[in-house]
Amino acid sequence: MLSTDVERRLEALLPQLMADEPVVVLSGPRTVGKSTVLRQLARRLDVTVLDLDDVGTRNLVAADLNTFVGGPSPVLIDEFQHVPTLLDTIKAELNRDTRPGRFVLTGSTRYETMPRTAQSLTGRVHVVTVWPMSQGEIAGHRETFVARLLAEFAAVAGPAPDATTREEYVERILAGGLPAALRRNPGRPRERWYDDYVRLVVERDVLDIKGIRQSAKLPTLLARLASQTGQMLNVAHAARETGLTPSVAEDYTRLLESVFLVHRLPAWGTTLAARATKAPKVHLVDTGLGAFLMRLTADSLQRRVPAVLAEFGHLAETFVVNEVLKQLSWLDVLVQVGHYRTSDGDEVDLVLETAAGDVIAIAVKAGSTFRREDVRGLRHLRNRLGGRFRGGVLLSTNPMSATVDDRITVAPIALLWGPPPG
């Protein structure tokens with residue numbers, strides 16, 4: 001079970017952001033650890049957190065916004081979305097005083113979906129997505145995989161085989177990174193928590209954003225989207241399975257995105273090739289939640305049923321994509337992310353494009369057997385990009401690292417959170 005004392009990488013980044021920005025917003029799923037990070041910051045600065053999840057505090061703040069917002073800096077506010085008019089009051093306060101570090105807010109609803117947000121604080125706010133815990137955070141050490149990719153791609157491959165077993169990969173992927181879930185035993189205790197979690201987010205947070213007529217179908221739609229994780233988003237198919245019209249299903253899908261249950265990975269490189277798709281992929285924000293919704297368990301995977309193994313392969317892709325995005329969020333660098341796929345079947349699961357236009361490509365395979373066909377998409381992208389292609393890596397459960405082609409390597413998924421190869 002997870003320790004109660006876990007250091008989050010965001011803790012070191014937050015003071016740096018406060019030194020530059022008047023408002024910092026920590027935005028992410030419920031129970032992901034935003035409040036914990038905020039309370040730790042409050043203890044270091046000897047200030048009080050205004051917790052708007054508490055109804056009494058919420059009512060007091062809403063009744064006298066100017067007093068609470070105009071207090072000594074920094075003002076720390078947890079779950080700010082419960083009082084949307086708070087943003088207008090902060091804007092008025094910033095019109096008088098735009099010093100950095102004035103406000104730190106947390107919210108379980110995507111900042112961009114809040115009413116009037118774009119008009120209120122444009123140019124004065126920096127939004128940080130708080131992801132579920134990374135594998136390195138869970139293990140208590142600092143990952144450097146993505147930083148090494150961006151700095152020196154050749155540092156990916158190493159000569160020593162990795163010791164991570166398939167059983168360990170399965171355990172990590174099925175567990176995910178939500179702290180409250182990891183503090184419960186696997187099996188029914190954790191399943192009950194996920195069931196309550198989905199009900200809470202759907203019945204409370206989604207309906208806080210928008211009153212909808214068919215809210216009872218939201219959990220079913222979420223399960224249908226979970227079955228598409230790591231694949232091209234097909235809202236029309238999910239709509240048919242849920243009994244919704246495509247337009248309503250699209251609206252509801254965006255609501256589920258707004259409360260950080262799913263996220264879209266946009267298509268990349270649509271101007272690179274005429275056959276490149278423009279459709280996004282969909283990913284669950286947490287693979288533990290995904291495994292619960294997909295009814296994937298270690299026991300079901302042991303039976304080696306092809307359909308179940310295929311679902312696990314998609315969940316493994318989501319696991320890798322999310323771990324990379326977590327590490328990018330701490331680095332505070334400008335990187336465009338997306339997936340690449342053509343109608344000819346060439347595919348790269350995750351593309352990172354730097355501000356300089358250099359490209360790093362990542363493919364994912366849940367199996368351990370390497371075939372030349374596995375890096376077809378990486379070779380295709382390398383050939384299309386030429387010198388812009390810094391390198392491509394196929395991450396799989398094979399324990400070995402090796403360079404298999406020009407600027408293309410294979411490496412274990414465990415390098416995401418393991419020590420640098422040496």
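Being a predicted model, the structure only gives us computed values, none of them experimental. For this chain, numbers begin at 1 and follow the sequence in order.
Side chain of His339 to backbone of Ala279: a donor-acceptor contact under 3.5 angstrom is found. Although no hydrogens or angles enter the test, the distance criterion places a donor-acceptor pair under 3.5 Å between the side chain of Thr297 and the main chain of Ser300. Between the side chain of Arg99 and the main chain of Pro22, no donor-acceptor pair closer than 3.5 Å is present. Counting only distance, with no hydrogens or angles, the side chain of Arg184 and the backbone of Ala180 share a donor-acceptor pair below 3.5 Å. In terms of modelled atom types and a separation under 3.5 Å, the side chain of Thr253 and the main chain of Ala249 share a donor-acceptor contact. Between the side chain of Thr287 and the main chain of Ile173, a donor-acceptor pair closer than 3.5 Å is present. When atom types are taken as modelled, the side chain of Glu323 and the backbone of Gln135 share a donor-acceptor pair closer than 3.5 angstrom. With Asn398 contributing its side chain and Ser368 its backbone, the two residues share a donor-acceptor pair below 3.5 Å. Proximity of a side-chain donor or acceptor of Asp286 to a complementary backbone N or O of Gly177 within less than 3.5 Å is detected. Under a 3.5 Å cut-off, the side chain of Arg388 and the backbone N or O of Gly357 do form a donor-acceptor pair.
Taking the six-membered ring where tryptophan is involved, the planes of Tyr340 and Trp268 are perpendicular, since the angle between them exceeds 60° and thus also 30°.
Residue Lys281 holds its NZ atom at 10.5 Å from OG1 of Thr277, rounded to the nearest 0.5 Å. Atom OH of Tyr252 sits about 11.0 Å away from atom OG1 of Thr242, to the nearest 0.5 Å. In this structure, Glu7 CD and Leu10 CG are separated by 11.0 Å, a value rounded to the nearest 0.5 Å. Between Asp78 atom CG and Ser35 atom OG the span is 3.0 Å, to the nearest 0.5 Å. Note: Phe312 CZ to Leu301 CG = 5.5 Å, rounded to the nearest 0.5 Å. Taken to the nearest 0.5 Å, the CD atom of Glu241 stands 9.0 Å off from the CG atom of Asn234.
Contact of the Val25 side chain with the Thr106 side chain is not registered, since no non-hydrogen atoms from C-beta on lie closer than 4.5 Å. In this structure the side chain of Asn322 reaches within 4.5 angstrom of the side chain of His263, judged on heavy atoms. Contact of the Val324 side chain with the Leu352 side chain is registered, since non-hydrogen atoms from C-beta on lie closer than 4.5 Å. With contacts defined as side-chain heavy-atom distances shorter than 4.5 Å, the pair Phe319/Leu315 does not qualify. Using a 4.5 Å cut-off on side-chain heavy atoms (C-beta onward), Pro412 and Tyr169 make contact. In this structure the side chain of Val130 never reaches within 4.5 angstrom of the side chain of Val37, judged on heavy atoms. With a 4.5 Å cut-off on side-chain heavy atoms, Val104 and Leu38 count as touching. Residues Glu79 and Arg58 have side chains not in contact (no heavy-atom distance under 4.5 Å, counting atoms from C-beta outward).
In the displayed structure, Glu168 atom CD is contacted under 6.0 Å by more than 12 heavy atoms of other residues, nucleotides or ligands.
Using a cut-off of 4.0 Å between Lys/Arg side-chain N and Asp/Glu carboxylate O, Arg390 and Asp358 are scored as salt-bridged. A salt bridge does not link Asp195 to Arg192: none of the charged nitrogens lies less than 4.0 Å from a carboxylate oxygen. Ion pairing between a basic and an acidic side chain is recognised when a charged N comes within 4.0 Å of a carboxylate O; Arg30 and Asp53 show such pairing.
Pairing each heavy atom of Leu207 with each of Ser215, the nearest pair is CD2-CB, 3.9 Å. Of all heavy-atom pairs between Glu11 and Arg44, the closest is O-NH2, 4.0 Å. In terms of heavy atoms, Glu317 sits closest to Val364 at CA-CG1, 3.8 Å. For the pair Ile413 and Val320, the tightest heavy-atom approach, listed with the atom from each and the gap, is CG2-CG2, 4.0 Å. Considering every non-hydrogen atom in both Arg264 and Leu233, the closest pair reads NH1-CD2, 3.4 Å. The two residues Ser401 and Leu415 have their closest heavy-atom pair at OG-CD1, 4.0 Å.
Considering Arg8, Arg142, Lys326 in turn, Arg8 is the only one that fulfils the salt bridge (charged side-chain N to carboxylate O under 4.0 Å, His left out) rule with Glu137. When each of Trp193, Tyr194, Tyr197 is checked for a ring-ring contact (aromatic ring centres under 6.0 Å, His included) with Phe292, only Tyr194 meets the rule.
Screening residues 17-26 for salt bridge (charged side-chain N to carboxylate O under 4.0 Å, His left out), with sequence neighbours left out, gives no hits.
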> Going through the distances and angles, do Met18 and Leu45 end up as a side-chain contact (heavy atoms from CB on, under 4.5 Å)?
Replying inline: CA-CA 12 Å; Met18 292 175 64; Leu45 301 177; 4.2 Å; yes
>> Determine whether Phe389 and Leu381 satisfy the following criterion, side-chain contact (heavy atoms from CB on, under 4.5 Å), listing intermediate values before the conclusion.
In response: CA-CA 8 Å; Phe389 185 85; Leu381 199 55; 4.3 Å; yes
>> Leu395 vs Leu416, test: side-chain contact (heavy atoms from CB on, under 4.5 Å). Steps then yes/no.
In response: CA-CA 9 Å; Leu395 294 174; Leu416 279 166; 4.2 Å; yes
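Between the side chains of Ser108 and Lys34, a donor-acceptor pair is found at a separation under 3.5 Å. Side chains of Thr318 and Thr229: a donor on one and an acceptor on the other come within 3.5 Å.
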